[in-house]
2 protein chains.
Amino acid sequence: MRNSLADVVAAGLRVLDAQGLENCSMRRVAAELGVQPSALYHHVPDKQTLLALMADEIVGPVALGGGAAQGAEGAAGAQAAGPAADPRAFCMALREAMLAVRDGADVVATAAAFRLGASDVERWLTALVGPDGARTLLLYTFGHAQSTQTHRQAAALGALIDPAALPRRDAAAVADPERDLDASFERGLAIILRGLDASATSGR
Amino acid sequence: MRNSLADVVAAGLRVLDAQGLENCSMRRVAAELGVQPSALYHHVPDKQTLLALMADEIVGPVALGGGAAQGAEGAAGAQAAGPAADPRAFCMALREAMLAVRDGADVVATAAAFRLGASDVERWLTALVGPDGARTLLLYTFGHAQSTQTHRQAAALGALIDPAALPRRDAAAVADPERDLDASFERGLAIILRGLDASATSGR
DNA sequence: ACCTGAACACCGTTCAAGT
DNA sequence: ACCTGAACACCGTTCAAGT
């Protein structure tokens, strides 16, 4: 039989991961399903809506399945419990989920901005650290993940840049940008959490 | 006589501010200059480069002209001094500059990610608060500004959403989202700066 | 309910050629 | 140096029509 909405979203994620957001066109998603472009509009009103559904799929495991990342596909052995109880683990899991699919951070961040204050992840974080802490952590996490993925993409294209032409201080980061960015994320997270602690123990 | 690179960048900014990033095509920029699309490729190798130059123009006043925003165009009465000496003022000025042009945050954040660790703004902030603090503040500022502008755009299109259908807790934010987002940005900034202070006074 | 086929109004980029 | 004209391989979306 024919395709369901879930099939369309899954095909979208496959194209996104394989080709990147730039090349994730309605026409390519349709081709992935072996169907005419116009057929997609039976399942989804426009591209933006499809991307929002894809974002939900990317983030789903984090909001529902606990701190450990589970792959965007099946989520076979899901813990029935809620998300991680600790904001650090939550943000790291969120980051991992976004980084697991190509340009995932862009897709998730854009969708989240459309529902500012009303997303599941923001609600969960608000329960853990209050509304200001939640938004700060979330936007930092999005910003860092987007930056990481854009930088990855730039590095993938421009293996062209000659490391010898760079200032000495950037040498380590150029040598292993992936490890550097992971560590940089965790240090920033620590700074924000320290700020939240200080706010809690002082007069607010 | 004919157009210069500066003319192309200026035309790009005019189209961006008037039509948004989505509609800021090479063909429209060319039309703004009264020229064929192919003529742009004499000044610029591709669209990405043009957007990066536009990003520099948007952020320029902040990196060079002090804390006060000055409009992306002329910057007639520039203070000769460096940027704001205080990280709070610097981030607020950066945010203001990005918000001053439609989709400015998207354009600046993308360009910044391509030069991660090598942008002028990151260098300046690093001098004020060290590399971890700089990246944290920067990515938070980008994330919040992007979120603000995306949310604006959504609100502009969907005056459709019925406020009565929303949970009560969001009522104030819906009533005046602009003021709410400004205040939210400053509270998040305070949290991060408090975290940096705590790191400095404690053992690091 | 789900899809095809054809169309409309667009894209970024290249390239030979003009002045 | 700066631009035109024409072309290539694409876009998102709509709409009548099929099954």
Side-chain angles (χ1 to χ4, degrees), chain A residues 1-55 102-103 106-107 110-111 113-114 150 153-154 156-158 160, chain B residues 1-55 102-103 106-107 110-111 113-114 150 153-154 156-158 160:
Chain A
M1 50 141 230
R2 340 273 249 288
N3 292 300
S4 69
L5 175 58
D7 295 330
V8 173
V9 175
L13 284 169
R14 262 178 277 134
V15 174
L16 179 68
D17 197 44
Q19 325 255 24
L21 181 55
E22 190 178 40
N23 300 312
C24 187
S25 64
M26 295 298 269
R27 295 176 114 104
R28 262 137 130 129
V29 174
E32 171 79 20
L33 289 168
V35 121
Q36 294 294 318
S38 51
L40 299 183
Y41 292 86
H42 186 80
H43 301 279
V44 115
D46 51 30
K47 188 183 182 180
Q48 189 193 119
T49 303
L50 175 55
L51 287 171
L53 293 170
M54 290 161 59
R102 220 232 267 204
D103 290 332
D106 261 288
V107 172
T110 301
F114 268 91
T150 304
Q153 186 192 350
L157 294 179
L160 327 157
Chain B
M1 46 141 233
R2 342 274 248 285
N3 291 300
S4 69
L5 175 58
D7 293 331
V8 173
V9 174
L13 285 169
R14 262 177 276 134
V15 173
L16 179 68
D17 197 43
Q19 327 255 21
L21 182 56
E22 191 178 40
N23 300 312
C24 188
S25 63
M26 295 299 269
R27 295 176 113 103
R28 262 136 128 129
V29 174
E32 171 79 19
L33 289 168
V35 121
Q36 294 294 320
S38 50
L40 299 183
Y41 292 87
H42 187 79
H43 301 281
V44 117
D46 52 29
K47 188 183 182 179
Q48 190 192 119
T49 302
L50 175 55
L51 287 171
L53 293 171
M54 288 161 59
R102 220 231 265 203
D103 291 330
D106 261 289
V107 173
T110 301
F114 268 91
T150 304
Q153 185 191 351
L157 294 179
L160 327 156

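Chain naming here is simple, since letters A, B, ... match the order of the sequence lines and numbering starts at 1 in each. For the numbers below, each heavy atom of this structure counts, side chains included, while hydrogens, waters and symmetry mates do not.
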ask   = Mind checking the C1' distance from C:dC8 to D:dC11? Whole angstroms is fine.
value = 12 Å
remark   = Taking for B:Pro45 and for A:Gln36 the nucleotide of DNA chain C with the nearest heavy atom, the one nearer the 5' end belongs to A:Gln36
query = Looking at C:dC3, D:dT4, D:dT13, which one has an atom nearest to any side-chain atom of A:His42?
reply = C:dC3
ask   = Could you give the CG-to-C1' distance, from B:Leu5 to D:dC3, as a whole number of Å?
value = 16 Å
Distance, rounded to the nearest Å, where B:Leu40 contributes CG and C:dC11 contributes P = 12 Å
query = With no angle test and no hydrogens, is the base of C:dG5 tied to the side chain of A:Ser38 by a donor-acceptor pair under 3.5 Å?
reply = yes
Most 5' of A:Ala39 and A:Met26 on DNA chain D, judged by nearest nucleotide = A:Met26
request  = To the nearest Å, give me how far apart CZ (A:Arg27) and P (D:dC10) are.
outcome  = 10 Å
message = I'd like to check A:Met26 versus A:Pro37 (side-chain heavy atoms, cut-off strictly below 4.5 Å). Are they in contact?
response = no
task = Would you tell me if any nitrogen or oxygen in the side chain of B:Asn3 comes within less than 4.0 Å of OP1 or OP2 on D:dC2?
result = no
request  = Take atom CZ of A:Arg2 and atom P of C:dC2, then tell me their distance rounded to the nearest Å.
outcome  = 8 Å
query = In Watson-Crick or G-U wobble terms, both distances under 3.5 Å, what is the partner of D:dC10?
reply = none
query = Which listed nucleotide (C:dG12, D:dT13, D:dG12) is nearest to the side chain of B:Ser25?
reply = C:dG12
key: Identified pairing partner of D:dA17, criterion: Watson-Crick or G-U wobble below 3.5 Å   = none
query = Using purine N1 to pyrimidine N3 plus N6-O4 or O6-N4 for Watson-Crick, or N1-O2 and O6-N3 for G-U wobble, each under 3.5 Å, what pairs with D:dC3?
reply = none
Non-hydrogen side-chain atoms of B:Val8 and B:Leu53 separated by less than 4.5 Å = no
request  = Can you tell me, in whole Å, how much space there is between the P of D:dC10 and that of C:dA9?
outcome  = 22 Å
task = Could you check how far CZ of B:Arg28 sits from P of C:dT13, rounded to whole Å?
result = 16 Å
key: Rounded interatomic separation in angstrom, taking CG from B:Asn23 and C1' from C:dC11   = 11 Å
inquiry  = Measure CD/A:Glu22 against P/C:dC11 and give the value in whole Å, please.
reply    = 16 Å
query = Heavy atoms, side chains only, cut-off 4.5 Å: are B:Gln153 and B:Asp103 in contact?
reply = yes
key: A:Val9 vs A:Val44 side-chain heavy atoms within contact, under 4.5 Å   = no
Residue pair B:Leu51 / B:Leu16, side-chain heavy-atom distance below 4.5 Å = no
query = Nearest-Å distance, CD (B:Gln48) to C1' (C:dG12)?
reply = 13 Å
